[in-house]
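For reference, the structure discussed in these notes is given below.
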Amino acid sequence: MSIQQENIFQQIISHAKEYGFVFPSSEIYDGLSAVYDYGPYGVELKKNIRDYWWKSMTQMHENIVGIDAAIFMHPTTWKASGHVDNFSDPMIDNKDSKKRYRVDHLIEAKAEELNNAGKNEEANHLLNKMEELLAAENFTELKALIDEYKISCSISGTSNWTDIRQFNLMFKTEFGAVASDNPDDNIVYLRPETAQGIFVNFLNVQKTARMKIPFGIAQTGKAFRNEIVARQFIFRMREFEQMEMQFFVRPGTEGEWYKFWKEERLKWHLSLGISPEKYRYHDHVKLAHYAKEACDIEFNFPIGFKEVEGIHSRSDFDLTQHQLYSKKKQQYFDNDIDPTTGKPYGNYVPYVVETSIGLDRMFLLVLSNAFEEEVITKEDGTTDSRTVLHIPTKIAPVKLAILPLLKKDGLPEIAKQLLDECKPYFKCFYEEKDAIGKRYRRQDAIGTPFCVTIDHQTKEDNTVTIRYRDSMKQERIALSSIKQLILNEL
RNA sequence: GCGGAAGUAGCUCAUUUGGUAGAGCACAACCUUGCCAAGGUUGGGGUGGCCGGUUCGAGCCCGGUCUUCCGCUCCA
């Protein structure tokens, strides 16, 4: 990251705090690491992004419906999904090289080494022992195993290890109402992804909304991950919000749907008027435990190209797993005629193509893309600067600022009439304090696309000055046309 | 989690080797001006991140701790 880009990122973080977009959580108590709160303008922007996504999914596609599943889910959900196994990795650090290893990777590497040296029996013994100890979560013995086999760090060459620590990426909490002899049964997790809430409701939704494959289920909501290191502002948080859509398809058609959604999702981003040059795809080579094909949509943040959205072809992994663990069939009967047999396709477990976007990351994307420290050359040749957020009108926190030029001579009264006319339709801001130029700049800083000024001429001919955020141009238009002008932009 | 840096008013920062804190901007009120930020007067706001130690006395020295940033690591 260049120093200049770093500064821009810092400026965005400061700006976000100063103008009421994002605050560190519990700041008066020194904050809570990697947790943030959204302020008055932040919550508007975030809500607008969520609504824009929601509408594009559930309103613009007849075959997509929404749900809102609970954050708590039956603990078996996470065994079925693979999260219990894949989300907790015992780690160990070498004190000399400061390098951290996953314990299983470290031991497997040693076993491979032994195999190459022809000591297959010893290698197998090591691996078996490791599996046993990992399953029992016996980290003391596991550490002893590392010492016994004199496993060393490939960088420092030493065996000066820290204790083994468990990094469980799922937050656990107790679910008091469940009575059981086994205390493990009382554990519930805060969901690490929203997707499982969709999978376990697959048949409920399909039947009640009478959906025919191919169809999708959309959901937005909070998810929680206990990241080892969570940093970079709201890019990686421990509590975050996802916007996901799981699209259920007939097996064999997942490839074309994967391609469809990959393109469709990029179009959504571009529909906000963001430059295509700031986006790129990143196809995954190393796939997750559930994935068949996967890619990220990456955006050029001030901290470099980073993932904002993932499109995954998840095969029938999730539904099959839930079928296995719940012992409830997760099948769909497809009445469509298969042209090769002349008969219906019949029963099958659908394949899934997922689109999953981080709402907080999208928020940061919008802010990063919008932020500009603009140098203005004035008429007399001197320069001035303004901080402006070029937020797309559709999702801007405030659409219209209504500003009487003076707070007397009846101008506030006219302005308030306009406010009353517009506020049922979109978010407005009213202010009569300070010089007009100063008020314009304050609106620039929160990304308000339109300002309207009521002056003495308004009283004579019912016209007002409308001032555009991006160009700073001003026009004289009829007072009565304001509301419709803005509605046309939404 | 490891290493490095930082933390003084809402923001940006001062306070020459330890002697109980200042400015600009911002904020509030009033006056003035009236179409692109910074006119005047007055005012509010700080146990110097937090805890402890050294000292007659600590924002400054020492230890711990928290948070943030950078690098490494992690990111299913």
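The figures that follow rest on heavy atoms only: side chains count, while hydrogens, waters and symmetry mates do not.
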- Task: Please report the C-alpha distance between I297(A) and K262(A) in whole Å, then the side-chain angles of each, then the deciding distance to 0.1 Å, and finally whether the side chain to side chain contact (heavy atoms under 4.5 Å, CB included) criterion is met.
- Result: CA-CA 8 Å; I297(A) 293 177; K262(A) 192 173 162 178; over 6 Å; no
- Query: Would R238(A) count as a cation-pi partner of F224(A), with NZ or CZ less than 6.0 Å from the six-membered ring centre and within 45° of the ring normal?
  - Reply: no
- Sorted by chain and residue number, the ring pair (Phe, Tyr, Trp, His ring centres under 6.0 Å) partners of H282(A) (sequence neighbours excluded) come out as H284(A)
- Task: Could you please name the option among rG34(B), rC69(B), rC36(B) that lies closest to any side-chain atom of L405(A)?
- Result: rG34(B)
- Message: side chain to side chain contact (heavy atoms under 4.5 Å, CB included) for F429(A) and I402(A)? Distances and angles first, verdict last.
- Response: CA-CA 6 Å; F429(A) 182 87; I402(A) 300 169; over 6 Å; no
- Query: When only distance counts, do a donor and an acceptor, one from the side chain of D455(A) and one from the base of rC35(B), lie under 3.5 Å apart?
  - Reply: yes
- Message: Using the side-chain heavy atoms of T453(A), tell me which of these nucleotides is nearest: rG34(B), rC35(B), rC36(B).
- Response: rC35(B)
- Set of residues satisfying ring pair (Phe, Tyr, Trp, His ring centres under 6.0 Å) with respect to F299(A), sequence neighbours excluded: Y279(A), F301(A)
- Message: Can you tell me which nucleotide in rC36(B), rC69(B), rG34(B) comes closest to the side chain of Q474(A)?
- Response: rC36(B)
Considering only nitrogen or oxygen atoms on both sides, find all protein atoms under 3.5 Å from nucleotides 27-30 of chain B and state each distance.
residue: rC27(B); atom: OP1; partner: R442(A); partner atom: NH1; Å: 3.1
residue: rA28(B); atom: OP2; partner: K433(A); partner atom: NZ; Å: 3.4

- Under 4.0 Å between any heavy atoms, over every strand shown, what does F235(A) touch: base, sugar-phosphate, or nothing? Just pick one. nothing
- Message: Checking E475(A) now: which residues fulfil side-chain hydrogen bond (donor to acceptor under 3.5 Å, both in side chains) with it, not counting sequence neighbours?
- Response: Y468(A)
- For E254(A), enumerate each residue passing the salt bridge (charged side-chain N to carboxylate O under 4.0 Å, His left out) test, keeping only those at least two apart in sequence or located in another chain. K292(A)
- Say you draw a straight line from CG of N369(A) to CG of N300(A); how long is it, rounded to the nearest 0.5 Å? 10.0 Å
Hey, what are the protein-to-nucleotides 8-13 of chain B N/O distances that come in under 3.5 Å?
residue: rC11(B); atom: OP1; partner: K17(A); partner atom: NZ; Å: 3.2

